Amino acid sequence: MDKTINQKAWFLVLPVFLVVAFSAVIPLMTVVNYSMQDTFGNNQFFWNGVGWFKELLDPSTDLGGRFLASLGRNLFFSLVILAIEVPLGIVIALSMPREGWTVAACLVILALPLLIPWNVVGTIWQIFGRPDIGLLGYTLNSLGINYNYVSNEIDAWVTVIVMDVWHWTSLVALLCYAGLKSIPDAYYQAAQIDGASRWAVFTAIQLPKMNRVLLIAVLLRFMDSFMIYTEPFVVTGGGPGNSTTFVSIELVKIALGQFDLGKAAALSLVYNLIILIVCWVFYTVMTNAGVERKTQAEKEPAAELKPAGALQPAHALQPKEGVA
Amino acid sequence: MHSIPGRRVIMALFLIFLLLPIYWLVNMSFKTNSEIVTTMTLWPHTPTLQHYKRIFTDESWYSGYINSLEYVVLNTIISITVALPAAYAFSRYRFLGDKHLFFWLLSNRMAPAAVYALPFFNLYSAIGLFDTPWAVALAHCIFNVPLAVWILEGFVSGVPREIDETAFLDGYSFPRFFVKILIPLIASGIGVAAFFCFMFSWVELLLARTLTSVQAKPIAAIMTRTVSAAGMDWGLLAAAGVLTIIPGALVIWFVRNYIARGFALGRV
């Protein structure tokens with residue numbers, strides 16, 4: 001590493017530290033404070049110790065049951081959408097046109113769902129999916145499929161998942177596309193000379209090169225789907241019954257709906273802790289991948305690129321700028 | 001770049017999948033409510049602008065857009081200003097606790113908004129910022145500042161260190177170097193970071209709704225009012241939705257050449 005050690009750099013980081021501390025640490029302390037207390041209204045608080053946490057992790061109580069059920073639903077949801085969005089995103093990235101105005105057009109359309117406010121995403125799918133006025137719901141029902149996301153649990157789940165695929169696959173695709181763009185042409189030429197099949201090119205060149213962006217994509221998608229709130233709230237309201245109530249929806253219900261501050265705070269802390277752990281695992285893997293890549297890059301030009309390097313003029317080996 | 005067989009078909013199908021629900025929303029916004037409820041038409045047979053007219057003439061509607069834009073712009077400016085020096089520090093120096101600090105920032109990007117909704121409500125009520133654009137702008141910093149630092153760090157790392165050293169040898173002071181040399185060099189990165197701050201602040205609803213009541217109410221919260229005693233005003237809801245898509249679409253157009261790299265957080 002060629003970074004110099006300089007403690008004065010703290011002065012440069014200080015503004016960020018203060019801003020984030022103001023909006024993260026102070027509220028978090030309030031949450032910790034609440035989580036240990038019980039209130040009967042009128043701003044009277046009573047010490048409750050770890051009572052809420054015990055209740056939260058015990059599935060036989062009302063609070064624990066609700067929390068663990070929503071956690072299970074949320075994990076299932078995250079896994080399903082990762083299993084759909086990551087492969088689909090890679091396929092879309094590989095299907096991008098090579099050059100010309102279509103590239104820009106595809107990029108703009110792909111990015112469009114990402115910039116729609118989340119509740120409008122919910123509204124769009126509500127309007128699109130309703131059996132009476134929505135194109136999707138109407139078509140499905142006239143085809144003889146009984147589809148109604150308001151009353152049928154499976155339909156509600158399918159709607160929420162398809163909505164998330166619609167909303168976020170583009171993010172994965174754009175990340176992968178950026179990764180693919182950074183692969184120098186020389187790699188492909190080398191593969192061609194070696195007579196590599198299409199599949200071999202994908203597994204030996206494209207996938208390893210997309211490694212890093214894929215990690216970012218999985219991290220972002222996991223986190224955002226794990227704290228999803230607005231879209232399912234607008235479309236299904238957590239229903240029918242509790243079938244699409246995810247952790248955030250449950251939390252808001254307890255905190256802002258029932259004003260059960262102690263319970264909500266305990267839930268918040270456990271929720272945050274889970275996210276922190278997952279985040280830390282990803283961060284460690286990502287930093288290690290970065291180090292590995294650096295050591296690999298030092299070996300690579302000597303070992304692998306020779307065949308292409310011998311045939312191509314030297315500038316072909318320069319990685320292209322990673323912009324579209 | 002090598003592509004896969006049938007890529008045109010795949011791409012076309014996916015783009016249709018993306019555009020179809022949006023088309024339906026636009027289609028709805030030009031229909032009268034009676035047409036929406038009574039018939040199923042693929043395009044508006046009696047096109048009307050009544051919903052748009054209502055939004056642009058009723059202050060309680062259009063003020064929502066102004067409120068939203070106000071806190072989004074405020075947030076973008078705050079985020080970029082504080083993130084720039086930090087990004088430089090993370091990219092160039094090692095200092096006590098730098099890795100932990102970076103991870104802590106990152107973890108805030110990942111913190112669920114639902115956790116912070118209530119404490120923010122208390123905090124901003126206590127300091128008298130509740131129901132102002134400042135409350136929402138500051139609250140959104142919790143996820144936008146880390147993101148901006150992350151993106152900008154990638155772009156600053158792309159600037160060779162020799163440039164810094166030469167500038168300091170030439171007698172540039174640090175602030176002067178920063179403004180005159182570094183910022184122009186990473187202008188595209190700043191654009192990308194600003195785009196992302198804009199985007200995440202614009203799409204967020206939970207915090208924006210919790211921290212405002214009347215004066216600074218965002219458009220997203222106002223949209224929930226379309227449910228009335230007479231039933232749902234679908235056309236108005238659709239028109240309001242279409243109008244929230246437009247600023248995003250405009251911003252994408254400006255950064256279209258940097259989108260892919262920006263989504264990789266400047267790290268490709």
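Keep in mind that what you see is a predicted model, and the values were worked out from it rather than measured. Naming: A, B, ... by sequence-line order, numbering from 1 per chain.
- Listed in order of number, the residues of residues 135-144 of chain B that approach chain A to under 4.5 Å between heavy atoms are B/Leu138, B/Cys141, B/Ile142.
- Of the residues A/Phe226, A/Tyr229, A/Tyr271, the one that meets the side chain to side chain contact (heavy atoms under 4.5 Å, CB included) test with B/Pro112 is A/Tyr271.
- Heavy-atom pairs under 4.5 Å with chain B were tallied for A/Leu135, A/Val19, A/Ile205; the largest tally goes to A/Leu135.
- Contact of B/Ile219 with chain A is not made at all, since no heavy-atom distance falls under 4.5 Å.
- The most heavy-atom pairs under 4.5 Å with chain B, out of A/Thr30, A/Val16, A/Ile5, A/Val13, come from A/Val16.
- Of all the listed residues (A/Val165, A/Val121, A/Leu112, A/Ile127), the one sharing the greatest number of non-hydrogen pairs under 4.5 Å with chain B is A/Ile127.
- Annotation: the span from A/Met29 atom CE to B/Leu123 atom CG amounts to 13.5 Å, rounded to 0.5 Å.
- Note that CH2 of A/Trp166 is 9.0 Å distant from CG of B/Leu19, once rounded to the nearest 0.5 Å.
- Every salt bridge (charged side-chain N to carboxylate O under 4.0 Å, His left out) that A/Glu250 has, sequence neighbours left out, goes to A/Arg66.
- When heavy atoms are compared at a cutoff of 4.5 Å, B/Arg109 approaches chain A by way of both its backbone and its side chain.
- From A/Asn272, atom CG reaches atom OH of B/Tyr116 across 5.0 Å, with rounding to the nearest 0.5 Å.
- The part of A/Ile275 that comes within reach of chain B is its side chain, from C-beta onward, which places non-hydrogen atoms under 4.5 angstrom from that chain.
- Ranked by non-hydrogen atom pairs under 4.5 Å with chain A, the options B/Leu118, B/Leu42, B/Asn27 are led by B/Leu118.
- A/Trp10 meets the ring pair (Phe, Tyr, Trp, His ring centres under 6.0 Å) test with A/Phe17, B/Phe95; sequence neighbours excluded.
- Residue B/Phe17 touches chain A through both its backbone and its side chain, counting heavy-atom pairs closer than 4.5 Å.
- Taking CD1 from A/Ile133 and CE from B/Met28, the interatomic distance works out to 3.5 Å, rounded to the nearest 0.5 Å.
- Once rounded to the nearest 0.5 Å, the distance linking CH2 of A/Trp125 with CG of B/Leu25 reads 12.5 Å.
- Applying the side chain to side chain contact (heavy atoms under 4.5 Å, CB included) test to A/Ala21 and every residue at least two apart in sequence or in another chain returns A/Val25, B/Trp104.
- In this structure, CZ on B/Phe200 lies 6.5 Å from CH2 on A/Trp118, to the nearest 0.5 angstrom.
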